[in-house]
Amino acid sequence: VGLLIGHFLPGIGEALSALEVGGISLPIALGLLVMMYPPLAKVRYEKTRDIAADGRLMVISIVLNWVVGPALMFTLAWIFLADQPELRTGLIIVGLARCIAMVLVWSDLSCADREATAVLVAINSVFQVVMFSRVWGEKVKGREWFEDRFLPAVSPLAMIGLLYTIVLLFSLQGEQLVAQPTAVVRVAIPLVIYFVGMFFLALGVAKIVGMNYAQSASVAFTAAGNNF
């Protein structure tokens with residue numbers, strides 16, 4: 001859908017560019033906020049201290065995110081894009097940019113450990129101020145209202161925000177993607193290998209060390225998630 005919008009409405013890129021402040025796209029920022037809020041609102045932050053104290057979880061996540069992932073992407077970039085320095089550099093940078101937004105939605109949809117995901121995301125970024133919204137909500141209306149009424153009402157916003165952001169991103173680059181199909185395929189191949197490889201590697205390592213499904217899913221999604 002995003003490619004079609006970008007291709008058949010070529011002026012959409014300029015129109016969206018006009019809605020930037022300091023190089024930040026306001027429409028994309030809105031999509032990210034809408035997408036991230038529901039999963040973060042579900043996290044019980046009083047449990048995160050115990051999660052952060054789990055040395056096994058922390059070590060595995062840090063090694064996968066900051067050693068194995070970047071090294072794998074660096075290798076794939078040189079294998080598939082040795083003759084394309086700009087694309088190769090971009091791919092390597094993607095390998096270093098850990099995801100802090102969409103990974104929250106993927107983890108939530110897979111019923112992963114929300115608290116573990118929040119802690120692992122926090123390690124890769126400045127912890128989101130949104131966390132305080134749950135504390136405030138529970139103090140004002142109580143936990144039962146927050147979990148039984150508020151969370152079910154806002155949960156669908158995560159998927160809406162995800163789809164909106166993806167469509168918007170592809171709309172912005174629609175013309176370039178359609179005009180350079182060969183470059184798209186060459187970049188897509190190592191990306192697919194990376195994401196699939198990192199996901200199942202992380203899932204396997206988590207299972208080997210005895211993590212349950214919820215924690216294994218959190219480790220796998222955070223290890224395979226990268227910003228683009």
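Small disclaimer: the values here were computed from a predicted structure and weren't measured.
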Which value, rounded to the nearest 0.5 Å, describes the distance between [X] atom [atom1] and [Y] atom [atom2]?
X: K207; Y: N212; atom1: NZ; atom2: CG; value: 7.0 Å
X: E115; Y: D50; atom1: CD; atom2: CG; value: 10.0 Å
X: R143; Y: L151; atom1: CZ; atom2: CG; value: 10.5 Å
X: T222; Y: L64; atom1: OG1; atom2: CG; value: 8.0 Å
X: L57; Y: S218; atom1: CG; atom2: OG; value: 8.0 Å
X: M73; Y: I92; atom1: CE; atom2: CD1; value: 9.5 Å

Which atoms form the tightest heavy-atom contact between [X] and [Y], and what is the distance?
X: P152; Y: P156; answer: O-CD, 3.4 Å
X: N65; Y: A223; answer: OD1-CA, 3.7 Å
X: F221; Y: S110; answer: CE1-OG, 3.2 Å
X: Y194; Y: G95; answer: OH-O, 4.2 Å

Would you say the side-chain atoms of Y164 pair up with the backbone N or O of P27, donor to acceptor, closer than 3.5 Å? yes
Under a single-linkage definition using a 4.5 Å side-chain heavy-atom cutoff for Ile, Leu, Val, Met, Phe, Trp and Tyr, are [X] and [Y] assigned to the same hydrophobic cluster?
X: V196; Y: F74; result: no
X: V68; Y: I60; result: yes
X: I208; Y: I62; result: no
X: F195; Y: L201; result: yes
X: W78; Y: L191; result: no

Quick check on [X]: does its [atom1] atom have over 12 non-hydrogen neighbours (other residues, nucleotides or ligands) under 6.0 Å away?
X: W145; atom1: CH2; result: yes
X: Y213; atom1: OH; result: yes
X: R56; atom1: CZ; result: yes

Would you call [X] and [Y] a side-chain contact if the rule is heavy atoms closer than 4.5 Å?
X: P190; Y: I79; value: no
X: D113; Y: I51; value: yes
X: M159; Y: L163; value: yes

Could you check R88 against F80 for side chain to side chain contact (heavy atoms under 4.5 Å, CB included), going step by step and ending with a plain yes or no? CA-CA 8 Å; R88 184 180 67 240; F80 289 94; over 6 Å; no
Side chain to side chain contact (heavy atoms under 4.5 Å, CB included) assessment of V219 paired with M211: CA-CA 10 Å; V219 170; M211 292 184 188; 3.9 Å; yes
List the steps, then state whether side chain to side chain contact (heavy atoms under 4.5 Å, CB included) holds for L72 with I193. CA-CA 10 Å; L72 176 59; I193 295 174; 5.7 Å; no
Residues D83, R186; criterion side chain to side chain contact (heavy atoms under 4.5 Å, CB included); working and verdict: CA-CA 11 Å; D83 60 332; R186 292 192 61 183; 2.7 Å; yes
